[in-house]
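I have placed the structure first, in the form of C-alpha cells, so that the comments after it can refer back to it.
Model, not experiment: these values are computed from the prediction. What's counted below: heavy atoms across the whole structure, side chains too, no hydrogens, waters or symmetry copies.
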Amino acid sequence: YGFLSVLLSVIFYRVTNINYLYLPVLIWILYIVEYIICFYLILKAGKSVPLAFLGLFSLITVNYFGLFHNPQTGPLRWAPLFISLYLFSRFKAIDSKRLIIFIPLLALWNIDSGIALLAGYIFTMLLLFLARKINLRRIFFAAIYLLVSFTAIFGLLNFMHILYGRKFID
C-alpha cells in the first residue's frame with residue numbers, strides 16, 4: 001500500500017469511529033463510484049450511451065469473472081488511475097498545473113497504481129512529444145513542476161508525521 005491510503009484510513013477511522021468490520025461495505029460503495037466514473041469517462045470520450053454501457057459491462061465482467069484469481073484489484077487500488085483520467089478530462093491539458101499537483105497525491109495513494117500512473121504520464125508526454133503535439137519546453141516545465149509537487153507533498157507528509165510524533169516516511 002501507499003502512504004496516503006493508510007494515513008487516510010486511520011484519519012477516517014478516528015473521525016467517524018466506524019469499526020473496520022464495515023470496510024467491505026465501504027468497498028462496495030467505492031465499486032459503485034468507480035463504475036460511475038468509468039461510465040462517465042467512456043460516455044464523454046465516445047459520446048455514445050450504448051458504447052458506455054458496453055464498456056461498463058465489459059469492466060464488470062473482467063472484474064468479477066476474469067480476475068477471480070487476482071483479488072488485488074478493486075476501487076482502493078485503481079482509484080488513482082480513474083481519478084486522474086477524470087481530472088485530465090476536466091483540465092484538458094496534459095501539462096496543466098492543476099493536474100500535475102494531483103498526480104503525486106494520487107501516486108502516493110497506492111504504490112503499484114502510483115507507479116502505473118507516473119509511467120503512464122511520462123509515456124504520454126513522450127508520445128505527445130514524438131507526435132509533435134507538445135514541445136520540449138512544456139515537457140521540461142511539466143517535469144520540474146511534477147518534481148516540485150512530489151517534493152512538497154512528501155515534505156508535507158513528513159512534517160505532519162513530525163508534528164504528531166510519528167516516524168519519518170522513508
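Residues A142 and M125 share a closest heavy-atom pair of CB-CE, 3.5 Å. When all heavy atoms are compared, the tightest approach of S113 to L81 is O-CD2, 3.8 Å. The two residues D112 and N110 make their nearest non-hydrogen contact at OD1-OD1, 3.3 Å.
I122 and L130 fall into different hydrophobic clusters, where Ile, Leu, Val, Met, Phe, Trp and Tyr residues are linked whenever their side-chain heavy atoms come under 4.5 Å apart, directly or through other members. In the hydrophobic clustering of this structure, F154 groups with I11; members are Ile, Leu, Val, Met, Phe, Trp, Tyr whose side-chain heavy atoms approach within less than 4.5 Å, directly or through other members. Hydrophobic clustering, with ILVMFWY side chains joined whenever heavy atoms are under 4.5 angstrom apart, groups F129 together with L146. In the hydrophobic clustering of ILVMFWY residues, with side-chain heavy atoms under 4.5 Å counting as a link, L30 and V15 come out together. Residues V33 and F82 fall within the same hydrophobic cluster, defined by Ile, Leu, Val, Met, Phe, Trp and Tyr side chains chained together at heavy-atom separations under 4.5 Å.
Looking at residues two or more places apart in sequence or on another chain, you find a ring-ring contact (aromatic ring centres under 6.0 Å, His included) between Y40 and Y86.
Here the CG-CE distance, from N158 to M160, works out to 11.5 Å after rounding to the nearest 0.5 Å. Annotation: the span from Y164 atom OH to F159 atom CZ amounts to 9.5 Å, rounded to 0.5 Å. To the nearest 0.5 Å, the span separating CG on L99 from NZ on K97 amounts to 13.0 Å. Taking CG from L157 and CD1 from I162, the interatomic distance works out to 11.5 Å, rounded to the nearest 0.5 Å. A distance of 10.0 Å separates CH2 of W28 from CD1 of I32, quoted to the nearest 0.5 Å. Atom CD1 of I100 and atom CG of L87 lie 12.5 Å apart (nearest 0.5 Å).
F102 has its side chain out of reach of S84: every pair of non-hydrogen atoms, C-beta onward, lies at least 4.5 Å apart. Counting only heavy atoms from C-beta outward, the side chains of L7 and H161 approach each other to under 4.5 Å. Contact annotation: the side chain of L43 never approaches that of F53 to less than 4.5 Å [non-hydrogen atoms, C-beta and beyond]. Side-chain contact check for F150 versus L118: some heavy-atom pair is nearer than 4.5 Å. Under the 4.5 Å side-chain criterion, counting only non-hydrogen atoms from C-beta, D95 is not in contact with F141. The side-chain heavy atoms of L56 and I42, taken from C-beta on, include no pair separated by under 4.5 Å.
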- Message: Under the criterion side-chain contact (heavy atoms from CB on, under 4.5 Å), I'd like the reasoning laid out for I134 against I139: C-alpha separation, chi angles, the key distance, then a yes or no.
- Response: CA-CA 7 Å; I134 191 170; I139 290 175; 3.9 Å; yes

- Query: When you look at L106 and W109, which way does the side-chain contact (heavy atoms from CB on, under 4.5 Å) test go after all the steps?
  - Reply: CA-CA 5 Å; L106 295 172; W109 178 262; 5.5 Å; no

- Task: For side-chain contact (heavy atoms from CB on, under 4.5 Å), just list the numbers for S149 and I103, CA-CA rounded to whole Å, side-chain angles, deciding distance to a tenth of an Å, and then say yes or no.
- Result: CA-CA 9 Å; S149 296; I103 288 176; over 6 Å; no

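In this structure, the side chain of Y121 engages the main chain of I94 through a donor-acceptor pair within 3.5 Å.
Surrounding NZ of K44 are more than 12 heavy atoms belonging to other residues, nucleotides or ligands, all under 6.0 Å away.
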